[in-house]
Every structure is written in C-alpha cells, then in structure tokens.
Amino acid sequence: MSSTISSIRALEILDSRGNPTISVVIELSSGVRASAMVPSGASTGEFEALELRDKDSKRYRGKGVQKAVANVNGVIASALKGKGVADLTALDNLLIEMDGTENKSKLGANAILGVSLAAAHVAAADQGVELFKLLGGESAVTLPVPLVNVINGGAHANNSLDTQEFMLAPHGASSFSEAVRMSAEVFHRLGALLAESGFDTAVGDEGGYAPRLKSTEQAFDFLLKSIEGAGYRPGEDISLALDVASSELVAKEDGQTYYQFVKSGRGKLNSEQLIELYQSWLGKYPIVSIEDGLGENDWSGWKTLTQRLGSKIQLVGDDLFVTNQKFIQRGIEEHVANSVLIKLNQIGSLSETLTAIACAAEAGYTNVISHRSGETSDTTIADLAVATNAGQIKTGSMCRSERIAKYNRLLWIESALGSKAVYKDCFKN
Ligand code: PGA
Ligand code: ZN
C-alpha cells in the first residue's frame with residue numbers, strides 16, 4: 001500500500017534577512033519525513049499571492065507568521081492527514097480549494113507553498129528518487145545557466161544604484177560547474193578591483209557587492225574589467241544581465257507613468273526615454289537579458305520595449321507576470337516580453353508553478369527559475385530548474401550560504417547526471 005500523510009507540522013523560522021518565514025515538515029505512514037522552507041521577497045509584485053503576516057507590531061515588527069503556521073498545524077493538517085502524496089497536483093488543488101480566494105489570502109501563500117513543497121520532497125524521499133527526477137523524469141537533464149548577481153542595488157542594498165541586480169551570465173562555459181568556477185573567479189576579481197578603487201565590498205541581500213558607485217555605467221565598467229581581469233571574454237564567455245526591478249521606480253504624474261531614479265540622481269524618465277537608455281546600453285555593453293525593464297502596469301510601454309529589443313535580447317517579466325498563467329497568457333497574446341521569471345511563492349504552489357513554466361515554454365518564452373531576496377537554505381529551486389529543463393536560474397552571488405546552497409545542490413545534480421548532464425548556451429549569438 002502506498003504511504004499516506006501521518007503528520008504535518010509548521011514552525012516559524014527566520015530567513016536570510018532575519019525576518020520570520022515558515023518551515024513545514026511532513027511525515028508519512030512509512031516513517032519517511034521531509035521538510036521545506038518558504039522564501040520572501042522585498043521588491044514584490046503587486047499581483048503576487050498573499051504572504052500572510054501577523055501584523056502584530058509587538059512581534060518581529062509585525063512580520064511574524066504565526067497565523068500561517070497555525071493554518072498549517074490546524075485546518076491544513078486535519079484535511080491532509082491520511083491522504084497520499086503520489087498525486088501532488090491533487091494535493092495542491094485541495095489546498096487551493098480550501099483557501100478559496102484568488103490570491104491565497106485566507107490560508108496564506110506562505111502556508112500553502114510550505115505544504116506543497118514539503119509534500120513534493122516527502123514524495124521523492126518515499127520513492128527513493130531525487131526531487132528533480134520525481135518532477136521531471138528521465139528527460140530532466142539540463143543544468144541551468146546561472147545569472148549570478150554580483151552587484152546589488154535598488155531595494156536590496158543601501159547604496160546609490162537604482163538598478164537592483166547586475167548579473168554575470170556565464171553562457172559560454174562548457175558545463176555548469178565551469179560556469180560556477182568562472183563566476184566565482186570574476187566575483188573575487190570584482191571585489192579586489194572595487195577595494196583597490198576605494199569602494200566598499202560589503203554585500204547586499206543577494207550576496208552581490210553593494211558599492212556606492214556613481215552610476216549604472218560605472219557598474220558596467222567594473223563588471224567588464226573584472227571579467228577580463230579573470231581571463232574571460234565579455235560577450236563570449238560571460239555576458240551581462242540586469243534586473244531593473246522598475247516597478248519599484250514608478251511614479252505617477254498627471255496620469256502619466258514615470259520612472260524616478262532617486263538613488264543615483266539620474267532623475268525622471270518616461271517609458272520611451274527608458275527604452276532609449278536601454279538601447280544605448282546595448283550598443284556599448286554585452287547585455288543579453290533585461291528583467292522588469294518597465295513597470296508591472298506599463299503594458300503599453302512593455303509592448304514598445306518588446307518591439308524594439310525583443311529580437312535582440314531576453315526581456316524577462318517578473319513583477320509583470322508574477323508566475324501566474326493568467327498574466328503570462330496575456331503577455332503571449334499581446335507579444336509582451338519573451339521570458340518569464342519563475343518564483344514559487346509568487347503563485348503559492350508547486351503545481352501552479354509547473355503550469356506557468358509549461359505555458360511559457362509552449363509559447364517559446366524562456367523560463368528563469370528564481371530565488372527571492374529573503375531566502376533560506378531550502379534548495380527546491382535547483383531541482384525545479386533541472387526538472388523543467390528551464391535553462392536558466394537566478395540564485396544570487398557567489399557568497400552567502402542561502403545562495404550557495406542552490407549552486408551546491410546543482411553541482412551535486414550535475415555530478416549525479418554524469419555524462420547525461422546538458423549545459424546549453426542559451427544566449428549564443
Ligand atoms: P525580490 O527580488 O525577491 O526582493 O522580489 C528578486 C527579483 O526582483 O527578482
Ligand atoms: Zn526581479
């Protein structure tokens with residue numbers, strides 16, 4: 001007889017920013033147990049599923065998650081006890097039905113996702129297979145190109161950069177482990193160059209340096225110098241990727257959308273001017289991907305952006321799509337963006353995440369599996385990237401253990417796959 005759930009327990013734990021998050025452990029009748037931990041964003045999209053926080057100002061500045069924990073230990077545990085874990089979609093559907101809201105605001109997306117992920121882990125453990133195999137079967141062989149966030153700005157660092165993430169894309173590597181080695185070498189070279197020039201080398205939320213540079217262009221120059229200094233060819237071995245996280249910069253004036261570059265003092269740009277700025281960067285720097293180049297409600301701006309740059313580079317929708325099939329479908333229909341950022345907690349369950357990935361892939365959009373700025377040592381996204389052959393992952397810099405945990409998990413998966421492991425240059429020009 002197949003195993004059934006004998007207990008579900010949640011606990012309020014801390015994430016990498018020292019804020020509460022939720023951890024869930026599921027035990028099966030076979031005695032097998034497994035756990036998962038839920039991440040949390042800072043530059044969250046307006047249409048993300050709801051992360052349930054207690055709002056009790058006497059605890060953790062209102063950020064406690066005891067209500068979400070109680071939902072798991074109470075109603076969810078009672079409803080799922082005795083259920084099998086072989087059909088993960090059925091379990092997720094049950095959770096979604098129990099919640100009954102559009103944005104998971106009753107039980108909390110953090111509560112639901114914690115259970116959804118722990119169920120996947122315990123199902124894999126029960127069958128004695130690796131999670132990526134359980135989810136992806138024998139065709140799960142592609143190691144992702146990592147987008148390695150080595151300079152942090154925006155909402156992730158207290159510095160002068162408006163652009164949230166400056167990433168290395170080591171697409172010219174011969175394997176995932178080579179990509180990790182190259183990125184770590186460039187990361188250290190960058191640290192040395194910044195220090196030599198008198199800049200701070202303390203790191204931001206995702207482990208990238210957070211120097212008080214004068215401008216985005218100065219950040220690009222440092223990146224190119226560090227790629228070359230480490231012995232690699234910019235644009236061939238390693239290119240650049242950006243997350244502008246521009247929903248954070250939106251300011252409305254007379255019904256018009258503007259982007260306020262407050263931290264750097266660049267001033268105010270409209271969509272058209274911002275697209276022109278991107279075009280000028282593409283002429284000077286080897287940029288292969290721009291995420292959230294425009295705001296989550298600026299669909300007309302996004303259309304223009306896609307018309308102008310969509311055939312040249314990857315345009316990733318993060319806040320724009322919030323891992324939600326409904327928004328992705330709209331993007332496909334309106335020819336907006338050509339890539340989707342995938343964050344499990346934006347939608348709040350594993351099966352809906354898999355649906356979002358499949359929907360994007362079917363339309364020829366790329367998928368970039370992503371961490372959040374508030375993370376834990378949970379490594380589910382590493383398995384998810386391989387399971388879906390997504391081809392790309394965003395999981396931070398080459399330091400901070402909550403980021404490195406995902407790289408290390410991918411190194412083990414690569415090793416386990418042996419000669420079957422595939423590493424594809426998704427930005428070949
Ligand atoms: P977040 O940032 O986790 O703070 O939302 C990550 C991103 O914008 O990609
Ligand atoms: Zn983003």
> Would you say the side chain of Leu107 lies within less than 4.5 Å of the side chain of Ile76, judging by non-hydrogen atoms?
Replying inline: yes

>> Under a 4.0 Å threshold between the charged nitrogen and the carboxylate oxygen, would Glu51 count as salt-bridged to Lys63?
In response: no

> Would Asp243 and Leu341 count as a side-chain contact (heavy atoms from CB on, under 4.5 Å) if you check the C-alpha gap in whole Å, the side-chain angles of each, and the deciding distance to 0.1 Å?
Replying inline: CA-CA 11 Å; Asp243 182 2; Leu341 200 78; 5.6 Å; no

>> Under 4.0 Å between a side-chain nitrogen and a carboxylate oxygen: does that hold for Arg409 and Glu130?
In response: yes

>> Any salt bridge linking Arg59 with Asp54? Criterion: basic side-chain nitrogen under 4.0 Å from a carboxylate oxygen.
In response: yes

>> Leu242 and side chain to side chain contact (heavy atoms under 4.5 Å, CB included): which single residue from Asp292, Ile151, Ile287, Asn149 fits?
In response: Ile287

> Picking from Val186, Ile238, Leu168, what satisfies side chain to side chain contact (heavy atoms under 4.5 Å, CB included) with Ser226?
Replying inline: Val186

> Between Phe47 and Asp319, is any pair of side-chain heavy atoms under 4.5 Å apart?
Replying inline: no

> Taking side chain as C-beta onward, heavy atoms only, is Val316 less than 4.5 Å from Ser289?
Replying inline: yes

> Taking side chain as C-beta onward, heavy atoms only, is Ser35 less than 4.5 Å from His121?
Replying inline: no

>> Once rounded to the nearest 0.5 Å, what's the spacing between atom CD1 of Ile290 and atom CD1 of Ile313?
In response: 4.0 Å

> Any side-chain heavy-atom pair from Phe222 and Val150 closer than 4.5 angstrom?
Replying inline: no

>> Using every non-hydrogen atom in the two residues, find where Ala390 and Ile369 come nearest and quote the distance to one decimal.
In response: CB-CG1, 3.6 Å

> Salt bridge between Arg181 and Glu178, side-chain N to carboxylate O under 4.0 Å?
Replying inline: yes

>> The test is salt bridge (Lys or Arg N to Asp or Glu O under 4.0 Å); show your working for Arg372 and Glu402 and say whether it passes.
In response: CA-CA 10 Å; Arg372 299 306 305 241; Glu402 77 279 5; over 6 Å; no

> What's the verdict on side-chain hydrogen bond (donor to acceptor under 3.5 Å, both in side chains) for Asp298 and Thr257, showing C-alpha distance, side-chain angles and the deciding distance?
Replying inline: CA-CA 8 Å; Asp298 190 358; Thr257 298; 5.3 Å; no

> Should the pair Lys394-Glu206 be classified as a salt bridge under the 4.0 Å nitrogen-to-oxygen rule?
Replying inline: no

> Ring centroid separation for Tyr209 and Phe199, is it under 6.0 angstrom?
Replying inline: no

> Considering the options Val122, Leu344, Asn345, which one meets the side chain to side chain contact (heavy atoms under 4.5 Å, CB included) requirement together with Leu117?
Replying inline: Leu344

>> Salt bridge check, Lys225 against Glu196: does any charged N sit closer than 4.0 Å to a carboxylate O?
In response: no

>> Are there over 12 heavy-atom neighbours, none belonging to Lys263, within less than 6.0 Å of that residue's NZ?
In response: yes

> Rounded to the nearest 0.5 Å, what separation is found between the CD1 atom of Ile347 and the OG1 atom of Thr323?
Replying inline: 7.0 Å

> What's the verdict on side-chain contact (heavy atoms from CB on, under 4.5 Å) for Ile413 and Phe176, showing C-alpha distance, side-chain angles and the deciding distance?
Replying inline: CA-CA 10 Å; Ile413 294 176; Phe176 178 76; over 6 Å; no

> Using a distance-only test with no angle check, is there a side-chain donor-acceptor pair under 3.5 angstrom linking Asp378 and Thr380?
Replying inline: yes

>> I want to check something: taking the side chain as every heavy atom from C-beta on, are Val244 and Leu249 in contact at a cut-off of under 4.5 Å?
In response: yes

>> Just by distance, no angles: are the side chains of Ser215 and Arg266 close enough, under 3.5 Å, to form a donor-acceptor pair?
In response: no

>> One pair to check against side-chain contact (heavy atoms from CB on, under 4.5 Å): Asp383 and Leu135. What are the steps and the verdict?
In response: CA-CA 8 Å; Asp383 285 73; Leu135 300 177; 5.5 Å; no

> Could Glu375 and Lys406 be called an ion pair, given the rule that one side-chain N must be under 4.0 Å from one carboxylate O?
Replying inline: yes

>> Could you check whether any side-chain N or O of Arg9 sits under 3.5 Å from a backbone N or O of Val72, counting only pairs where one atom can act as donor and the other as acceptor?
In response: no

> Is the shortest heavy-atom distance from the side chain of Glu185 to the side chain of Tyr232 under 4.5 Å?
Replying inline: yes

> What's the spacing between Asp221 CG and Lys284 NZ if we round to 0.5 Å?
Replying inline: 9.0 Å

>> Can you tell whether the side chains of Lys343 and Glu48 come within less than 4.0 Å, N to carboxylate O?
In response: no

>> Measuring from atom OG of Ser351 to atom CG of Leu95, what distance do you get when rounded to the nearest 0.5 angstrom?
In response: 8.5 Å

Please set out all donor-acceptor pairs under 3.5 angstrom arising from side-chain atoms of residues 140-148, sequence neighbours excluded.
{"residue": "Thr142", "atom": "OG1", "partner": "Asn389", "partner atom": "OD1", "Å": "2.8"}

> Would you find a donor on one side and an acceptor on the other, under 3.5 Å apart, between the side chain of Ser415 and the backbone of Leu411?
Replying inline: no

> Is any side-chain heavy atom of Lys133 less than 4.5 Å from a side-chain heavy atom of Glu138?
Replying inline: yes

> Going through the checks in order, is the side-chain contact (heavy atoms from CB on, under 4.5 Å) test met by Asp200 and Leu194?
Replying inline: CA-CA 7 Å; Asp200 200 346; Leu194 288 169; over 6 Å; no

